[in-house]
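Contents: one structure, followed by commentary.
Counting starts at 1 for both ligands and their atoms, following the listed order.
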Amino acid sequence: MSPSKLDSTASFGPEEASVSCSRSENGSADSLSLFHSEKAVEELLQQTPVAGMDEHLMEFSEALRTVAKALRRAAEGKASAQAEAAEWKRRYELERTRNIQMERKARMAERLSAEKKGGIDCGRVKNSDSQSMLQNESNEHSEKICMKNGIWSHEVLYDRESDSNSNTDLNKMTNKASFKLSWWCNGENGDQHKHDIVSFEKGDITTAERSSKQISLKWESDPQTVLILTKPNSVSVQILCIQMVRWLKEKKKLNVYVEPRVRTELLAESSNFNYVQTWKDDSEITHLHMNIDLVITLGGDGTVLWAASMFKGPVPPIVPFSLGSLGFMTPFHSEHFKECLDSVLRGPISITLRHRLLCRVVRDAAKNEYETEEPFLVLNEVTIDRGISSYLTNLECYCDNSFVTCVQGDGLILSTTSGSTAYSLAAGGSMVHPQVPGILFTPICPHSLSFRPLILPEHVTVRIAVPFNSRSPAWASFDGKDRKLLAAGDALLCSMAPWPVPTACQVDSTNDFLRSIHDGLHWNLRKTQSFDGPREI
Ligand SMILES: NC(=O)c1ccc[n+]([C@@H]2O[C@H](COP(=O)([O-])OP(=O)(O)OC[C@H]3O[C@@H](n4cnc5c(N)ncnc54)[C@H](O)[C@@H]3O)[C@@H](O)[C@H]2O)c1
Ligand SMILES: Nc1ncnc2c1ncn2[C@@H]1O[C@H](COP(=O)(O)OP(=O)(O)OP(=O)(O)O)[C@@H](O)[C@H]1O
């Protein structure tokens with residue numbers, strides 16, 4: 001190779017050449033780009049024949065080595081600074097949440113004692129002031145008891161006082177039914193929430209009760225408001241919806257909410273349906289969880305995903321009726337809807353708390369990791385793929401700042417355990433019981449023989465970054481929707497969300513899960529071997 005050849009970019013892809021150029025232009029090198037610059041220098045050195053080179057070439061090669069070293073140090077420095085900043089940010093957010101909660105408690109206690117002095121009726125009350133009063137009282141009560149008994153529906157996740165000022169019609173609706181969650185003990189409906197208890201007595205470490213037991217939901221006051229969500233463009237769904245709305249209103253005396261589209265369909269059927277309520281604009285959807293006691297879905301798994309996506313915070317219990325082709329998350333049969341709903345409204349019911357993932361896109365242009373766009377909550381998975389590009393995706397994956405691997409293939413799926421039977425399964429991931437907390441890390445068509453899927457613990461934050469030397473951008477999609485372009489330098493952060501999706505079970509979590517993989521996938525279906533034939537003596 002002649003010295004002049006060394007200056008050319010012939011041994012590099014065009015993108016690498018352009019990346020180095022843009023980096024020197026903006027002068028602000030990211031740790032990943034630095035890493036790749038170093039890699040590029042190393043590659044260049046390796047490709048340069050040493051024999052027969054003149055002195056200048058040797059000097060040049062030495063200079064490149066020095067540059068490579070400097071780049072590596074800069075990359076390491078930046079990575080550790082980022083990790084430190086992330087840790088401080090996490091501590092700050094924890095502290096802030098704690099302060100908000102303390103303030104809220106103090107305010108509630110004050111208000112409650114003032115109201116108690118005035119003598120209040122603790123029954124089910126109609127106006128919004130009294131409603132929050134009732135909720136506050138239950139909150140105080142629940143805070144005392146939830147330590148012992150489990151999760152309570154009255155956990156207030158943000159300041160309702162300020163919220164009620166901005167709220168619209170939805171606040172004037174009826175109250176939300178109160179319920180209690182408890183963990184089954186020895187197959188019985190127990191009254192105690194058993195945490196993992198780690199004991200360190202006398203140097204011996206033991207764990208006692210496991211927390212992941214079947215969860216049971218018991219209403220403490222009758223549910224009054226039901227939201228029905230339906231799969232669009234299905235005649236069978238429309239017919240069932242009409243029957244269900246009538247039955248819920250006439251026989252159960254419940255308030256019924258539907259989406260604006262469905263209300264129009266119902267009114268086209270009969271003007272008698274004008275009691276059915278809806279919302280006027282999407283901003284009202286953010287307050288739905290405060291008023292809806294129960295969500296009913298009529299459709300397939302996609303309708304359950306749709307229902308979950310409507311609740312960006314806490315989600316009311318969902319009763320999913322199966323009107324799709326598979327139905328991994330839809331255990332209820334529409335033919336028996338009256339019996340099913342009777343038993344759900346009466347309670348107690350077994351529920352599956354389905355974990356969700358909180359996903360945030362961080363742009364290269366952002367000043368820090370926390371300057372993000374609107375986050376997405378997914379019940380199944382977030383997929384990062386190559387979109388319409390015919391190039392391999394190149395994705396750098398980190399788990400809590402530890403480098404995991406580089407995905408070179410069609411893409412990567414970060415899935416919940418509920419989503420383990422969906423796209424992740426098709427890409428070779430394991431099927432996991434939905435109550436197992438964890439994040440599935442499943443590559444899509446990796447161009448390597450040894451890339452097996454992983455399951456990561458629930459507490460980690462996964463970061464998927466598109467490196468600067470990637471030949472094409474990547475695309476992120478959330479439960480198969482809302483595609484977002486990830487350009488070179490952009491990243492996706494993914495961690496467990498604090499708001500799970502409670503779905504009612506036909507029998508219990510395990511029975512429903514096993515039934516769904518047997519019925520839906522014909523899992524391990526094989527004719528039993530006949531008794532007659534050769535035997536071991
Ligand atoms: N190759 C694949 O298997 C593939 C490809 C793209 C998307 N998907 C899945 O489709 C989901 C979106 O579903 P949709 O209904 O809006 O789109 P859709 O109407 O295209 O349905 C996709 C299929 O996935 C099934 N599905 C959805 N969630 C499931 C789950 N948790 N367990 C088992 N099966 C499940 C649905 O029942 C449906 O049959 C995505 O979240 C993704 O998991 C799968
Ligand atoms: N209320 C809704 N509004 C808008 N879109 C919806 C609604 N409910 C469901 N969808 C969308 O309709 C699509 C199909 O829904 P769903 O999966 O429930 O039915 P299906 O495809 O017939 O069932 P299966 O997936 O079991 O074959 C999904 O992509 C889902 O996001």
Residues passing the salt bridge (charged side-chain N to carboxylate O under 4.0 Å, His left out) test with Arg515, sequence neighbours excluded, are Asp519
closest protein heavy atom to atom 30 (C) of ligand 2 is Gly302 O, 3.6 Å
Atom 26 (N) of ligand 1 has as its nearest protein heavy atom Asp301 OD2, 3.7 Å
Practice prompt. Ignoring hydrogens, tell whether any protein atom lies closer than 4.0 Å to atom 11 (C) of ligand 2; use the non-hydrogen atoms only.
Written response: no
Note: Leu305, heavy atoms under 4.0 Å from ligand 2, region reported as neither
Residue pairs meeting salt bridge (Lys or Arg N to Asp or Glu O under 4.0 Å), one or both in residues 406-431, sequence neighbours left out, come to Arg386-Asp410
The closest protein heavy-atom partner of atom 31 (O) of ligand 2 is Lys481 NZ, 2.9 Å
A student checking ligand 1 against Ala426 at a 4.0 Å heavy-atom cut-off should list atoms 1 (N), 2 (C), 3 (O)
Rounded to the nearest 0.5 angstrom, the CZ-CG distance for Arg463 and Asn401 is 6.5 Å
Closest to atom 11 (C) of ligand 1 among protein heavy atoms sits Asn380 ND2, 4.0 Å
Protein heavy atom under 4.0 Å of atom 17 (O) of ligand 1
no
Atom 4 (C) of ligand 1 sits nearest the protein heavy atom Tyr423 CD1, 3.6 Å
Which class fits the ring pair Phe321 and Phe332: parallel under 30°, tilted 30 to 60°, perpendicular over 60°?
tilted
Cut-off 3.5 Å, side chains only: do Glu220 and Ser178 have a donor facing an acceptor? yes
**Request:** Might you confirm whether atom NE2 of His518 has over 12 heavy atoms from other residues, nucleotides or ligands at distances under 6.0 Å?
**Result:** yes
Residue, atom and distance of the protein heavy atom nearest atom 6 (C) of ligand 2 read Pro232 CD, 3.5 Å
Q. What's the verdict on salt bridge (charged side-chain N to carboxylate O under 4.0 Å, His left out) for Arg360 and Glu373, showing C-alpha distance, side-chain angles and the deciding distance?
A. CA-CA 7 Å; Arg360 289 173 293 180; Glu373 296 173 7; over 6 Å; no
Exercise for the section: Determine whether more than 12 heavy atoms belonging to other residues, nucleotides or ligands lie under 6.0 Å from atom CG of Asn233. Expected result: no
One finds that the ligand 1 atoms under 4.0 Å from a non-hydrogen atom of Leu305 are 12 (C), 13 (O)
Worksheet item: Under 4.0 angstrom from ligand 1, any heavy atom of Gly300?
Response: no
Exercise. Between the side chains of Asp400 and Ser402, does any donor sit under 3.5 Å from an acceptor?
Worked result: no
of all protein heavy atoms, closest to atom 38 (C) of ligand 1 is Leu326 CD1, 4.9 Å
For this session: Decide whether an N or O pair under 3.5 Å exists between Leu323 and ligand 2.
Result: no
query: Can you find a protein heavy atom closer to atom 21 (O) of ligand 1 than 4.0 Å?
result: no
For Thr421, the atoms of ligand 1 under 4.0 Å from one of its heavy atoms are 30 (C), 31 (N), 32 (N), 33 (C), 34 (N)
ask   = Can you say whether the rings of Phe451 and Phe441 are parallel (under 30°), tilted (30 to 60°) or perpendicular (over 60°)?
value = tilted
For atom 23 (O) of ligand 2, the closest protein heavy atom turns out to be Gly324 CA, 3.4 Å
for atom 42 (C) of ligand 1, nearest protein heavy atom and its distance come out as Glu381 OE1, 3.3 Å
ask   = Is there a heavy atom of Leu326 sitting under 4.0 angstrom from any atom of ligand 2?
value = yes
In terms of its nearest heavy atom to atom 24 (P) of ligand 2, the top option of Pro320, Ser325, Gly299 is Ser325
Review point. Taking the six-membered ring for Trp, are Phe513 and His433 ring centroids under 6.0 Å apart?
Key: yes
Taking only non-hydrogen atoms of Met329 and a 4.0 Å limit, the atoms of ligand 1 in range are 31 (N)
Notebook entry, point to check: Less than 4.0 Å between atom 33 (C) of ligand 1 and some protein heavy atom, yes or no?
Noted result: yes
Worksheet item: Looking just at side-chain N and O atoms, do Ser418 and Thr416 make a donor-acceptor pair shorter than 3.5 Å?
Response: no
ask   = Are any non-hydrogen protein atoms located under 4.0 Å from atom 13 (O) of ligand 1?
value = yes
Under 3.5 Å, N or O to N or O, is Gly300 touching ligand 2 that way?
yes
| message | Is any side-chain heavy atom of Thr383 closer than 4.5 Å to one of Ile444? | response | yes
Atom 30 (C) of ligand 1 has as its nearest protein heavy atom Ala422 CB, 3.6 Å
Taking only non-hydrogen atoms of Arg261 and a 4.0 Å limit, the atoms of ligand 2 in range are 1 (N), 2 (C), 3 (N)
Note: Ser516, heavy atoms under 4.0 Å from ligand 1, region reported as neither
Tell me whether the count of non-hydrogen atoms from other residues, nucleotides or ligands lying under 6.0 Å of CD in Glu335 goes above 12. yes
Test side chain to side chain contact (heavy atoms under 4.5 Å, CB included), reference Trp279, set Glu259, Arg263, His287, output is Glu259
OG (Ser216) and CG (Asp508) are apart, to the nearest 0.5 Å, by 11.0 Å
Counting from 1 in the order shown, the ligand 1 atoms closer than 4.0 Å to a non-hydrogen atom of Lys481 are 16 (O)
protein heavy-atom neighbour closest to atom 9 (C) of ligand 2 works out as Thr303 OG1, 3.4 Å
**Asked** Can you find a side-chain donor-acceptor pair between Ser509 and Thr352 that sits under 3.5 Å?
**Response** yes
Thr230 heavy atoms within 4.0 Å reach ligand 2 at atoms 1 (N), 2 (C), 7 (C), 8 (N)
Looking only at protein heavy atoms, what sits closest to atom 22 (O) of ligand 2 is Lys231 NZ, 2.7 Å
For Gly302, the atoms of ligand 1 under 4.0 Å from one of its heavy atoms are 14 (P), 15 (O), 16 (O)
Just checking, is any N or O donor in the side chain of Ser424 or Thr442 under 3.5 Å from an acceptor N or O on the other one?
yes
